[in-house]
Structure formats: C-alpha cells, structure tokens
Amino acid sequence: MVILCITVASSVAEGARILSATISLEGKTLLEAMTSDDGRVDADGVWEYLKTMKFKPTQHFIDLQVPQVATEKKLVSEVRPGQMGKLLVNITYGGMALPRELTIKRVARDKQGREWTLDPSEIDRMFDRRYIRRLQVPRLANPRKSKR
C-alpha cells in the first residue's frame, strides 16, 4: 500500500503554459495561433516561437480577399508622426511589436486551418523594438541580448 502511494505521487506532471499569438490591423485580429511550453522560457525565447508558428486566418483576414494563389502578402500600416502603428504582432509572455509592414507566407494548410507563417528575419528585426511587461524584464536570461 505504501509503495502504491509513492508511485502515484511521483507521476504528477508539471503544467503547461498556453501561448497565443495574434496579428491585428486597425484593432481587428487577422491571424491567430496557439502553442504551449513548460513556462521556463523567458520573453525573448517566447518571441522566437513566432518564427515557427503557423497562423489561422480569421473572418477579418478572409474579408481582405487575399488571392488563393498568393504565396506572399504584405500588410501595410500607415503610421503618422506621433501616432502608434495600426499593425500589431502580439504573443503572450513574449511581447508585442508595431511594425510598419509585415510579410506573411502561405504554407500548406493543416487540419486546424493554419496556413500562414511569418518571415523569421522580420521577427528578428522586431526583437529590439518590441514591448514586454516590466515584470518580465528581470526574468530575462540575458537582458543585454540583441538581434542586431
């Protein structure tokens, strides 16, 4: 009986952290994706997940009527001096960025309807200009790390 209790106690699994990523234009979500990790990755590492995530289009994206044959599409955000951009890339626990434009690439559609990816070089360009919560800064593994 005692052996059984020890076995059960040792099989407790650690929880997963759910991460959602969105790309929005003028306050409307166009693309969304989800993944998870064990919660040990800092904000910089979570930002890197954007390089491999596949995004599912929302109805707002479908309304843009991107041609089905298109493999690349640039989403452009007009930014006036003194105003924040209208294009937003956001991933929970990894931060958000306001690029002027963003290149997305169509890939093979999976069972969940995800068929878009982000250009990894653009993720690197946004790295130093993204916003993260103040609480996340002391938890960075290497706070002076830069992609430039």
Side-chain angles (χ1 to χ4, degrees), residues 9-148:
S10 66
S11 68
V12 176
E14 292 185 31
R17 174 174 65 173
I18 304 298
L19 307 167
S20 65
T22 58
I23 299 169
S24 304
L25 181 63
E26 296 180 354
K28 297 177 182 176
T29 300
L30 301 178
L31 299 168
E32 53 193 8
M34 294 191 91
T35 191
S36 65
D37 69 7
D38 62 7
R40 295 181 186 162
V41 178
D42 68 6
D44 291 346
V46 170
W47 185 258
E48 293 292 311
Y49 292 163
L50 289 171
K51 292 179 178 180
T52 57
M53 293 177 83
K54 289 176 71 173
F55 290 81
K56 180 178 181 177
T58 66
Q59 187 59 47
H60 294 294
F61 184 82
I62 294 166
D63 292 344
L64 293 176
Q65 299 179 354
V66 176
Q68 288 297 317
V69 295
T71 57
E72 284 192 2
K73 173 74 177 173
K74 280 198 185 243
L75 302 176
V76 179
S77 174
E78 295 180 19
V79 179
R80 296 185 186 119
Q83 290 186 341
M84 295 186 77
K86 295 177 183 176
L87 183 61
L88 174 69
V89 177
N90 186 31
I91 183 167
T92 52
Y93 304 106
M96 66 178 184
L98 300 162
R100 291 181 183 258
E101 62 184 24
L102 186 65
T103 302
I104 59 174
K105 182 177 181 181
R106 180 173 271 148
V107 294
R109 187 179 185 147
D110 65 14
K111 292 178 184 178
Q112 289 79 30
R114 300 174 296 194
E115 61 182 328
W116 294 96
T117 60
L118 300 176
D119 181 347
S121 64
E122 290 191 7
I123 301 302
D124 286 343
R125 277 195 296 276
M126 289 185 280
F127 181 86
D128 289 337
R129 295 190 171 155
R130 79 187 198 284
Y131 299 94
I132 62 173
R133 296 181 6 217
R134 282 181 76 88
L135 272 171
Q136 293 173 305
V137 174
R139 296 181 183 145
L140 294 175
N142 185 1
R144 296 176 194 242
K145 180 178 164 185
S146 177
K147 292 290 180 183
R148 292 184 187 195

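Below, each value reflects all heavy atoms present in this structure, side chains not excepted, and no hydrogens, waters or symmetry copies.
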Verdict with supporting geometry, Val46 and Arg17, side-chain contact (heavy atoms from CB on, under 4.5 Å):
CA-CA 11 Å; Val46 170; Arg17 174 174 65 173; 3.4 Å; yes
Least distance between heavy atoms, Asn142 atom then Asp42 atom:
N-OD2, 4.4 Å
Any Ile104 side-chain heavy atom under 4.5 Å of Glu122 side chain:
no
Heavy-atom pair of closest approach, residues Gly94 and Ile132:
O-CG2, 3.6 Å
Which pair of heavy atoms, one from Ala97 and one from Met126, lies closest together, and at what distance?
CB-SD, 3.7 Å
Could you check Arg114, Gln112, Arg109 and say which one makes a side chain to side chain contact (heavy atoms under 4.5 Å, CB included) with Lys54?
Arg114
Measure the spacing between CG of Leu88 and CD1 of Ile23 and express it to the nearest 0.5 Å.
9.5 Å
Would you compute the distance between atom CG of Asn90 and atom OG1 of Thr22 and round it to the nearest 0.5 angstrom?
4.5 Å
Which of Trp47, Tyr93, Tyr49 passes side chain to side chain contact (heavy atoms under 4.5 Å, CB included) with Val41? Answer is Tyr49
How long is the straight-line distance from CZ of Phe61 back to CZ of Phe55, given to the nearest 0.5 Å?
11.5 Å
What verdict does the side-chain contact (heavy atoms from CB on, under 4.5 Å) test give for Ile91 and Met53, after you've listed the backbone C-alpha separation in whole Å, the side-chain angles of each residue and the deciding distance to 0.1 Å?
CA-CA 11 Å; Ile91 183 167; Met53 293 177 83; 3.8 Å; yes
Tyr131 and Leu98: which non-hydrogen atoms are nearest, and at how many Å?
CE1-CD1, 3.9 Å
Can you check side-chain contact (heavy atoms from CB on, under 4.5 Å) on Asp124 and Glu48, steps first, answer last?
CA-CA 8 Å; Asp124 286 343; Glu48 293 292 311; 4.0 Å; yes
For Leu118 and Leu31, what are the C-alpha separation, side-chain angles and deciding distance, and is it a side-chain contact (heavy atoms from CB on, under 4.5 Å)?
CA-CA 11 Å; Leu118 300 176; Leu31 299 168; 5.5 Å; no
Approximate separation, where rounding is to 0.5 Å, of His60 NE2 and Leu64 CG
10.0 Å
Would you give the length of the straight line joining atom CG of Leu25 to atom CG of Leu87, rounded to the nearest 0.5 angstrom?
6.0 Å
Between Thr103 and Asp119 (side chain of the first, backbone of the second, donor and acceptor by atom type, cut-off under 3.5 Å), is there such a pair?
no
What's the shortest heavy-atom distance between Gly113 and Pro57, and which atoms?
O-CD, 3.4 Å
Decide salt bridge (Lys or Arg N to Asp or Glu O under 4.0 Å) for Lys56 and Glu32; before the verdict, give the C-alpha distance in whole Å, the side-chain angles of both, and the deciding distance to 0.1 Å.
CA-CA 5 Å; Lys56 180 178 181 177; Glu32 53 193 8; 5.9 Å; no
Is Thr92 reaching over with its side chain to a backbone N or O of Ser20, donor-acceptor style, under 3.5 angstrom?
yes
